[in-house]
Amino acid sequence: MRVAQGGQPASPAARVSGFELAILCTLVYADLFDYPLTSTEVHRYLIGLPAPAAQVKEALGGGIWLADRIRPAGEFWVLAGREHLADLRRYRAAVAAGLWSLALRYGRIIAALPFVRMVAVTGALALDNVEPGDDIDYLVVTEPGHLWVCRALVIGVVRWAANRGVRLCPNYFLSERALRLEDRNLFTAHELAQMVPLFGLDIYQKMRQLNRWTARFLPNAEGAPRNPPALRPPSRLMARLLEAAGRSPLGGRLEAWEMGRKLRKFGTRWGPELRFGPDHCQGHFNGHGRRTLAAFGQRAGVLLEGGL
């Protein structure tokens, strides 16, 4: 046994490999969302260490330290005592299967709007981890100089969908000038690695390239988490005509008016995950990312000290 300074036994974390720690931390992060992982997913979202999939799969099934803390649950891996999450994931995946058809339908409509350059599903649905009645979260990338008018058009689709009992939540708008994300942490890396592009695959690929910093947190999570659906938006002829009008001086004044109107409203609301301006509309008012990172640090610390 290794002995720490002062003659006390070293902590469990001091006696274990960094690879095992990475696997445990990866499962801890997923557990915050009640989300067990397959061995393939443990590899993709392995925190901090590049590794071949075969090495991850082998480590999951061996090692006394890790075996005391994680368990297989059918095709999934979970923290010890959390085996029931396997059934929950299967249930939520079944719910998600029905929600995806709506996500694609409305994603196609949003993709056809003027100045939209990319549409991606984010949040819980991107992981098939939803309950009945959950929102469909979208990230939308727009042509520079037209973000706020584009957002207003998307909100029109949101209201139209709400009248049909569908809850859309496009809570993140970026212009093509703002693809390099400023919040560089594990939560943001996960959100980027998990999102599913529906339209504008070239913009998605550019966004991933400009955010190569995510490899510090998730070095194995390259590319989209699943094959992007073959989403073909309706004819963009009308969108192109409206875009031409929107690039006129009158369109510029409309953009400035809409941005000023919304900034006056949003300016009274402050938070660490709020960003509003010509190239951003990030409306994460509940601070979900910061709360997730705080919970992860606390939970991982408890487990690494040997408790549950």
Side-chain angles (χ1 to χ4, degrees), residues 33 96 99-100 102-130 134-144 146-158 161 166-214 218 221 223-229 231 233 262 266 271-289 292:
F33 303 92
L99 203 56
W100 267 108
L102 294 171
L104 294 174
R105 180 188 308 170
Y106 287 100
R108 184 171 182 264
I109 293 170
I110 292 171
L113 294 175
F115 303 115
V116 171
R117 297 296 178 260
M118 188 188 96
V119 181
V121 170
T122 62
L125 183 58
L127 294 173
D128 294 337
N129 193 34
V130 294
D134 278 359
D135 294 345
I136 300 171
D137 295 326
Y138 293 105
L139 180 148
V140 179
V141 175
T142 75
E143 180 179 311
H146 304 282
L147 182 146
W148 290 95
V149 166
C150 184
R151 179 186 177 277
L153 295 173
V154 173
I155 295 304
V157 175
V158 170
V166 180
R167 298 174 57 182
L168 307 182
C169 185
N171 56 16
Y172 205 168
F173 287 80
L174 297 170
S175 89
E176 290 179 86
R177 286 188 299 228
L179 296 180
R180 197 186 307 270
L181 303 183
E182 298 179 30
D183 294 328
R184 300 187 175 189
N185 53 51
L186 178 61
F187 179 83
T188 305
H190 258 281
E191 291 297 294
L192 187 54
Q194 292 165 186
M195 74 179 185
V196 180
L198 304 182
F199 170 75
L201 189 57
D202 57 332
I203 302 297
Y204 168 80
Q205 292 168 341
K206 181 179 179 181
M207 190 175 185
R208 293 300 309 268
Q209 184 63 34
L210 288 173
N211 291 281
R212 294 294 299 169
W213 60 265
T214 59
L218 305 174
R226 63 179 81 188
N227 291 329
L231 182 65
K262 299 307 293 185
F266 292 143
E273 295 168 56
L274 306 180
R275 187 171 287 111
F276 305 110
D279 298 307
H280 297 86
C281 180
Q282 180 183 0
H284 301 156
F285 292 101
N286 63 4
H288 180 53
T292 297

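Below, each value reflects all heavy atoms present in this structure, side chains not excepted, and no hydrogens, waters or symmetry copies. From a predicted model like this one, the values you see are computed outputs, not experimental measurements.
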Legend entry - Sequence neighbours excluded - salt bridge (charged side-chain N to carboxylate O under 4.0 Å, His left out) pairs with any residue from residues 188-203: none
Legend entry - Where Pro114 and Cys150 come nearest, the two heavy atoms and their spacing: O-SG, 3.6 Å
Inset, instruction - Please report the shortest heavy-atom distance between Trp100 and Ala126, naming the atom on each side. - result: CZ2-CA, 4.2 Å
Inset, instruction - Measure the CD1-CZ distance between Ile203 and Arg117 for me, rounded to the nearest 0.5 Å. - result: 8.0 Å
Inset, instruction - Can you measure from CG (Leu179) to CG (Asn211) and round to the nearest 0.5 angstrom? - result: 8.0 Å
Tell me which donor-acceptor pairs under 3.5 Å the side chains of residues 118-125 have, and how far apart each pair is, sequence neighbours excluded?
none

Legend entry - Minimum heavy-atom distance Trp148-Lys262, with the two atoms named: CZ3-CB, 3.5 Å
Legend entry - Partner set under side-chain hydrogen bond (donor to acceptor under 3.5 Å, both in side chains) for Glu176, not counting sequence neighbours: none
Legend entry - Non-neighbouring partners of His146 that pass ring pair (Phe, Tyr, Trp, His ring centres under 6.0 Å), sequence neighbours left out: Phe115
Inset, instruction - Please list, chain by chain and in numerical order, all residues satisfying side-chain hydrogen bond (donor to acceptor under 3.5 Å, both in side chains) with Arg180, sequence neighbours excluded. - result: none
Inset, instruction - Considering non-hydrogen atoms only, spot the tightest contact between Pro144 and Ser175 and give its length. - result: CA-CB, 3.9 Å
Inset, instruction - Kindly indicate whether the side chain of Arg105, heavy atoms from C-beta on, has any atom under 4.5 Å from the side chain of Val166. - result: no
Inset, instruction - Output all residues satisfying side chain to side chain contact (heavy atoms under 4.5 Å, CB included) with Ile155, sequence neighbours left out; order by chain, then residue number. - result: Arg151, Val158, Arg159, Pro170
Legend entry - For Arg167, side-chain hydrogen bond (donor to acceptor under 3.5 Å, both in side chains) partners two or more places apart: Asp135
Inset, instruction - Check side-chain hydrogen bond (donor to acceptor under 3.5 Å, both in side chains) between Asp134 and all other residues, then give those that pass, not counting sequence neighbours. - result: none
Legend entry - Leu174 and Leu181, any side-chain heavy atoms less than 4.5 Å apart: yes
Legend entry - Residue list, side chain to side chain contact (heavy atoms under 4.5 Å, CB included) with Glu182, at least two apart or on another chain: Arg275, His280
Legend entry - Under 3.5 Å donor-acceptor, Tyr204 side chain and Ala224 backbone: yes
Inset, instruction - State, to 0.1 Å, how close Cys281 and Leu147 come at their nearest heavy-atom pair, and which atoms those are. - result: CB-CD2, 4.0 Å
Inset, instruction - Using modelled atom types only, decide if a donor and an acceptor are shared between the side chain of Asp137 and the backbone of Asn171 within a distance under 3.5 Å. - result: no
Inset, instruction - Tell me, please, which residues at least two apart from Tyr106 pass ring pair (Phe, Tyr, Trp, His ring centres under 6.0 Å). - result: Trp160
Inset, instruction - Would you check if the side chain of Arg208 reaches a backbone N or O of Gly223 as a donor-acceptor pair within less than 3.5 Å? - result: yes
Inset, instruction - Report yes if some heavy atom in the side chain of Arg108 is under 4.5 Å from a heavy atom in the side chain of Leu104; otherwise report no. - result: no
Inset, instruction - Kindly compute the distance separating CG (Leu113) from OG1 (Thr142), expressed to the nearest 0.5 Å. - result: 11.5 Å
Inset, instruction - Look at the side chain of Thr188 and the backbone N and O of Asp183, then say whether any donor-acceptor pair between them is shorter than 3.5 Å. - result: yes
Inset, instruction - Walk me through it: do Leu198 and Tyr138 pass the test side chain to side chain contact (heavy atoms under 4.5 Å, CB included)? - result: CA-CA 10 Å; Leu198 304 182; Tyr138 293 105; 4.0 Å; yes
Inset, instruction - List for me each residue that meets salt bridge (charged side-chain N to carboxylate O under 4.0 Å, His left out) alongside Arg226, sequence neighbours excluded, and say none if there are none. - result: Asp128
Legend entry - Least distance between heavy atoms, Val116 atom then Ala111 atom: CG1-CA, 3.9 Å
Inset, instruction - Evaluate the criterion side chain to side chain contact (heavy atoms under 4.5 Å, CB included) for residue pair Leu186 and Leu218; output intermediate values, then yes/no. - result: CA-CA 8 Å; Leu186 178 61; Leu218 305 174; 4.1 Å; yes
Inset, instruction - Check the pair Leu127, Phe33 against side chain to side chain contact (heavy atoms under 4.5 Å, CB included), reporting the backbone distance first and the verdict last. - result: CA-CA 10 Å; Leu127 294 173; Phe33 303 92; 6.0 Å; no
Inset, instruction - Could you tell me whether a side-chain N or O of Trp213 sits under 3.5 Å from a main-chain N or O of Asn185, the two making a donor and an acceptor? - result: no
